[in-house]
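Take a look at the structure set out below.
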2 protein chains.
Amino acid sequence: MKNEHKDNKDTEMKILQAARQVFLSKGYEGARMQEIADSAGINKALLHYYFRKKENLFVEIIKQALGDFFPKITNIWVKDIPFDDRVRQFIVNYISFSLENPDLPRFFINVLYQKPELFVTGIHLKDYVKILNLQEILDNEAKSGRIKQVDAYQFIITILSLCIFPAISNPLLRTTFKLSEDKFKEMMEERKEIVPEIVLNWLHINNK
Amino acid sequence: MKNEHKDNKDTEMKILQAARQVFLSKGYEGARMQEIADSAGINKALLHYYFRKKENLFVEIIKQALGDFFPKITNIWVKDIPFDDRVRQFIVNYISFSLENPDLPRFFINVLYQKPELFVTGIHLKDYVKILNLQEILDNEAKSGRIKQVDAYQFIITILSLCIFPAISNPLLRTTFKLSEDKFKEMMEERKEIVPEIVLNWLHINNK
DNA sequence: GTCTATAAGCAGATAGAC
DNA sequence: GTCTATCTGCTTATAGAC
């Protein structure tokens, strides 16, 4: 009796967890319902009982993943610490995050090339992109002469590039340059010093 | 008679061209032999006559695409012009190239996550990666005090990040930040100034 | 809610005529 | 070398018992 009515949230959770792993690493076309079912410890029929079709499940994963990805981009800017420290902290955090979750940005990039219609279904651009007050912050710093005037979009794109690209290109870079995984890891650690240096030097030169 | 024996190279070319377009935009799993056949103006049976199976065709595309992608990374460094100009020129070229061919790096990144075994089959790392003499060049510049000491890998990864990432993330960035295609294009043009500035400032500070 | 069994559809691959 | 027709196998999805 108890087990009959045990809340589906448990199973649903297991499904979502399994689906996420599979979709993020294999992509929509490469993912197999069978693999998701196996990984969740259930069978295919149950997947369809919960989500009716593959696409629905995929959209759920998009929604869920968005919640992890975007807040990270903006949240740190609200803290009230010196600007340079903020930049440094954001970069270090974002490099770490990207190294731990390289599948996430790769997933979104691919979705938007291959299934953009599903992306818009899932997105809720409430407070994700508080890029607007980032421009304010930059303008303030510039006004007081500490940095040069820069466009917030160029600023954030530069940082995202430097943080995310090496992570998602890990296998490509290692193959291309014949680097061991250890060597690569070491270099990524170094980049937590290098990238802030690059960005801050850019902001600080020619400021008037 | 003439048409009977017309060299298959023509058809083969059309197939490869169609396959490339489809594989690069849809990926291996998303690509359909039917679509490739249609796009090449032939039928599925002929695809198999030429390449026997999908995977073989895919490997051909990898090989071919490698030839476009990697030489671009290294070729410019052999020219004998002032270092700063070399850097600027490389960056501007690579940004342009990435904007025109965003599918190419995205393709390789995905292949190496999802079909790495096929990548090694296709790769011929002869003269692709002349990263070694790039380190020499950097060392020479550093020795004469014009730039600081930097690791060639960190240098090239930094540049590739700044050039490639914005291009492959175009749809993601535009959706996230609600940018029009025109606005985005405009920003990418600006980056042909910004990115060299960023890189050169990094190299020139603290050099002793 | 969860399972087994099965249907339905599709994509890759082959047979065989021309 | 190119085509039409067909097969085979896999994948998503449903039916129906428990």
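Below, read A as the first sequence line, B as the second, and so on, with proteins coming before strands; counting in each chain starts at 1. Here the structure is a predicted model, which is why all the values come from computation and not from measurement.
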Q: In plain terms, say whether B/Lys26 and B/Glu35 are close enough for a salt bridge, that is, a side-chain N and a carboxylate O under 4.0 Å apart.
A: yes
In whole angstrom, what separates [X]'s [atom1] from [N]'s [atom2]?
X	N	atom1	atom2	result
B/Tyr50	C/dA13	OH	P	18 Å
B/Lys26	C/dA11	NZ	P	11 Å
B/Ile15	D/dG1	CD1	P	11 Å
A/Asp10	C/dT2	CG	P	8 Å
A/Lys14	C/dG1	NZ	C1'	12 Å
B/Leu57	C/dA11	CG	P	17 Å
A/Phe51	D/dT12	CZ	P	15 Å
A/Leu46	D/dG16	CG	P	18 Å

**Q.** side chain to side chain donor-acceptor pair (under 3.5 Å) partners of B/Glu193, counting only residues at least two apart
**A.** none
Q. Between B/Phe107 and B/Phe23, is the ring centre distance below 6.0 Å?
A.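 Distance test on ring centres: not under 6.0 Å, no.
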Q: Applying ring pair (Phe, Tyr, Trp, His ring centres under 6.0 Å), name anything that partners B/Tyr113, two or more places apart in sequence or on another chain.
A: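 Applying ring pair (Phe, Tyr, Trp, His ring centres under 6.0 Å) to B/Tyr113 gives none.
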Q. Taking only residues two or more places apart in sequence, or in another chain, which ones meet A/Phe51 in a ring pair (Phe, Tyr, Trp, His ring centres under 6.0 Å)?
A.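 If we apply the ring pair (Phe, Tyr, Trp, His ring centres under 6.0 Å) test to A/Phe51, skipping adjacent residues, there are no hits.
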(Q) From C-beta outward on A/Asn43, which listed nucleotide comes closest to its side chain: C/dT4, C/dT2, D/dC3? (A) C/dT4
Check: protein-nucleotides 13-15 of chain D nitrogen or oxygen pairs below 3.5 Å:
| from | atom 1 | to | atom 2 | distance (Å) |
| --- | --- | --- | --- | --- |
| D/dA13 | OP2 | A/His48 | NE2 | 3.2 |
| D/dA13 | OP2 | A/Lys54 | N | 2.7 |

Q | Residues forming a side-chain contact (heavy atoms from CB on, under 4.5 Å) with B/Asn43, sequence neighbours excluded | A |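 Scan of B/Asn43 (side-chain contact (heavy atoms from CB on, under 4.5 Å), adjacent residues dropped) gives B/Ala45, B/Leu46.
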**Q.** Set of residues satisfying side-chain contact (heavy atoms from CB on, under 4.5 Å) with respect to A/Asp85, sequence neighbours excluded
**A.** A/Ile81, A/Pro82, A/Arg88
Q.
Once you apply a heavy-atom cut-off of 4.0 Å, does A/Ala31 come out as touching a base, just sugar-phosphate, or nothing?
A. sugar-phosphate
Q) When all nucleic acid strands are considered with a 4.0 Å heavy-atom cut-off, which category describes A/Ile42: base, sugar-phosphate, or nothing? A) sugar-phosphate
(Q) Less than 4.0 angstrom between a side-chain N/O of B/Thr11 and OP1 or OP2 of D/dG1, yes or no? (A) no
